[in-house]
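Below is one structure; the comments refer to it alone.
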Amino acid sequence: DKKSLGELIQTLNAGKVDPNVEVVCGAPSIYLDFVRSKLDPKFGVAAQNCYKVPKGAFTGEISPAMIKDCGVNWVILGHSERRHVFGESDELIGQKTAHALESGLGVIACIGEKLDEREGGITEKVVFSQTKFIADNVKDWSKVVLAYEPVWAIGTGKTASPQQAQEVHEKLREWLKSNVSEAVANSVRIIYGGSVTGGTCKELASQKDV
């Protein structure tokens, strides 16, 4: 609600940020305007989803054009809840990625395997397939951040160990080197998400490919 958002925003605005670090806050669409007007300009704001076309009869959806009109420059796409609760397909996420990038938004594209997939030994197969649908729709990688978020670690209190996160991030860079380019593999930001806390963030962030 606005009260708790206001408190979070005050905390963030008072914080010191390393100039080499980009911080982007993902807000519910109904609060995008509110957050962008109150949050210090040194922070970016992201919508948590958008649709694949500029306008039309899609009641309840928001478009990149609307997001930009609120002064917001980022969108999160393919989050595991969008995939597994709302049934968004890899193909739809790819289409959304293409349209968001064409509209000038930066995209935080989420990928990650479920617990049964990890236990079944198909983590790489799953994340490579998800990444391919995103990569096929990207022309300019400078506007894309990949977010590896193992579904079994989101809000469950189970965090992938720094070594588990590093292993997948490294494999993703190898996949990008083979399927996109070495330059992209070396430069693209791949962030980790999933039960990250003040206690675990430093070690996760110190991994070579995170």
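For clarity, every value in this text was computed on a predicted model and none was experimentally measured. Sequential numbering from 1 along the given sequence is applied to the chain's residues.
Annotation for V45 and L39: closest pair CG2-CD2, 3.8 Å, computed over non-hydrogen atoms. Contact record, P64 with V53: CD-O, 4.3 Å, taken as the closest heavy-atom pair. In terms of heavy-atom proximity, A47 sits nearest to V72 at N-CG1, 4.0 Å. The nearest pair of heavy atoms linking V35 to A27 is CG2-CB, 3.9 Å.
The side chain to side chain donor-acceptor pair (under 3.5 Å) test applied to E117 returns no partner, not counting sequence neighbours. In this structure D1 satisfies the side chain to side chain donor-acceptor pair (under 3.5 Å) test together with S4, sequence neighbours excluded. By the side-chain contact (heavy atoms from CB on, under 4.5 Å) test, A153 pairs with P150, Y192, sequence neighbours left out. For S63, the side-chain contact (heavy atoms from CB on, under 4.5 Å) partners at least two apart in sequence or on another chain are A65, M66.
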For residues 202-210, please give each side-chain donor-acceptor pair under 3.5 Å, one per line with the distance, not counting sequence neighbours.
{"residue": "S206", "atom": "OG", "partner": "E203", "partner atom": "O", "Å": "2.7"}
{"residue": "Q207", "atom": "NE2", "partner": "E203", "partner atom": "O", "Å": "3.2"}
{"residue": "D209", "atom": "OD1", "partner": "R173", "partner atom": "NE", "Å": "3.1"}
{"residue": "D209", "atom": "OD2", "partner": "Q166", "partner atom": "NE2", "Å": "2.8"}

Without placing hydrogens or testing angles, list every side-chain donor-acceptor pair under 3.5 Å for residues 99-113, not counting sequence neighbours.
{"residue": "S103", "atom": "OG", "partner": "H99", "partner atom": "O", "Å": "2.8"}
{"residue": "E113", "atom": "OE1", "partner": "Y148", "partner atom": "OH", "Å": "2.9"}
{"residue": "E113", "atom": "OE2", "partner": "R118", "partner atom": "NE", "Å": "2.7"}
{"residue": "E113", "atom": "OE2", "partner": "R118", "partner atom": "NH2", "Å": "3.3"}
{"residue": "E113", "atom": "OE2", "partner": "Y148", "partner atom": "OH", "Å": "3.0"}
{"residue": "E113", "atom": "OE2", "partner": "W152", "partner atom": "NE1", "Å": "2.9"}

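The cluster map of Ile, Leu, Val, Met, Phe, Trp and Tyr, joined by side-chain heavy atoms under 4.5 Å apart, puts V85 and L92 in different clusters. Hydrophobic clustering (side-chain heavy atoms under 4.5 Å, transitive across Ile, Leu, Val, Met, Phe, Trp, Tyr) keeps F86 apart from F133. Linking ILVMFWY residues whenever their side-chain heavy atoms come closer than 4.5 Å, directly or via other members, places V127 and V144 in the same cluster. Under the 4.5 Å side-chain heavy-atom criterion for Ile, Leu, Val, Met, Phe, Trp and Tyr, V188 and V168 are members of the same hydrophobic cluster. Both I134 and V180 are assigned to one and the same hydrophobic cluster, defined by single-linkage of ILVMFWY side chains at heavy-atom distances under 4.5 Å.
Contacts classified as ring pair (Phe, Tyr, Trp, His ring centres under 6.0 Å) and involving residues 30-68 (residues at least two apart or in different chains) are given here: Y51-F58. For residues 85-97, the salt bridge (Lys or Arg N to Asp or Glu O under 4.0 Å) pairs, not counting sequence neighbours, are R82-E88, R83-D90, E88-K96. Within the structure, side chain to side chain donor-acceptor pair (under 3.5 Å) pairs that include any residue of residues 131-146 comprise K132-D136, D140-S142 (at least two apart or interchain). Note on residues 9-25: pairs passing salt bridge (Lys or Arg N to Asp or Glu O under 4.0 Å), not counting sequence neighbours, are E22-R189. Here salt bridge (Lys or Arg N to Asp or Glu O under 4.0 Å) pairs that include residues 161-172, with residues two or more places apart or in two chains, are E124-K171, E167-K171. For residues 28-49, the pairs satisfying salt bridge (Lys or Arg N to Asp or Glu O under 4.0 Å) are D40-K42, with sequence neighbours left out.
Taking 4.5 Å as the limit, every side-chain heavy atom of E81 sits out of range of all side-chain heavy atoms of V151. Residues I67 and V75 have side chains in contact (heavy-atom distance under 4.5 Å, counting atoms from C-beta outward). Counting only heavy atoms from C-beta outward, the side chains of Q48 and P28 approach each other to under 4.5 Å. Using a 4.5 Å heavy-atom cutoff, the side chains of N49 and S29 are not in contact. Put simply, the side chain of V126 reaches to within 4.5 Å of the side chain of Q130, judged on heavy atoms.
Here the SG atom belonging to C50 is positioned 7.0 Å from the CD1 atom belonging to I62, to the nearest 0.5 angstrom. To the nearest 0.5 Å, atoms CG (L77) and OG1 (T97) are separated by 5.0 Å. Summarising the geometry, atom NZ belonging to K114 is positioned 12.5 Å from atom OG1 belonging to T123; distances are rounded to the nearest 0.5 Å. Of the inter-residue distances, the one linking W175 atom CH2 with S129 atom OG reads 9.0 Å to the nearest 0.5 angstrom. The CG atom of L172 lies 14.5 Å from the NZ atom of K177; values are rounded to the nearest 0.5 Å. Taking NE2 of H84 as the reference point, atom CD1 of I154 lies at 8.0 Å (rounded to 0.5 Å).
A donor-acceptor contact shorter than 3.5 Å is absent between the side chain of T200 and the backbone of V196.
Around atom CD of E174, more than 12 heavy atoms belonging to other residues, nucleotides or ligands sit under 6.0 Å away.
Residues H79 and E149 bring a donor and an acceptor atom of their side chains to less than 3.5 Å of each other.
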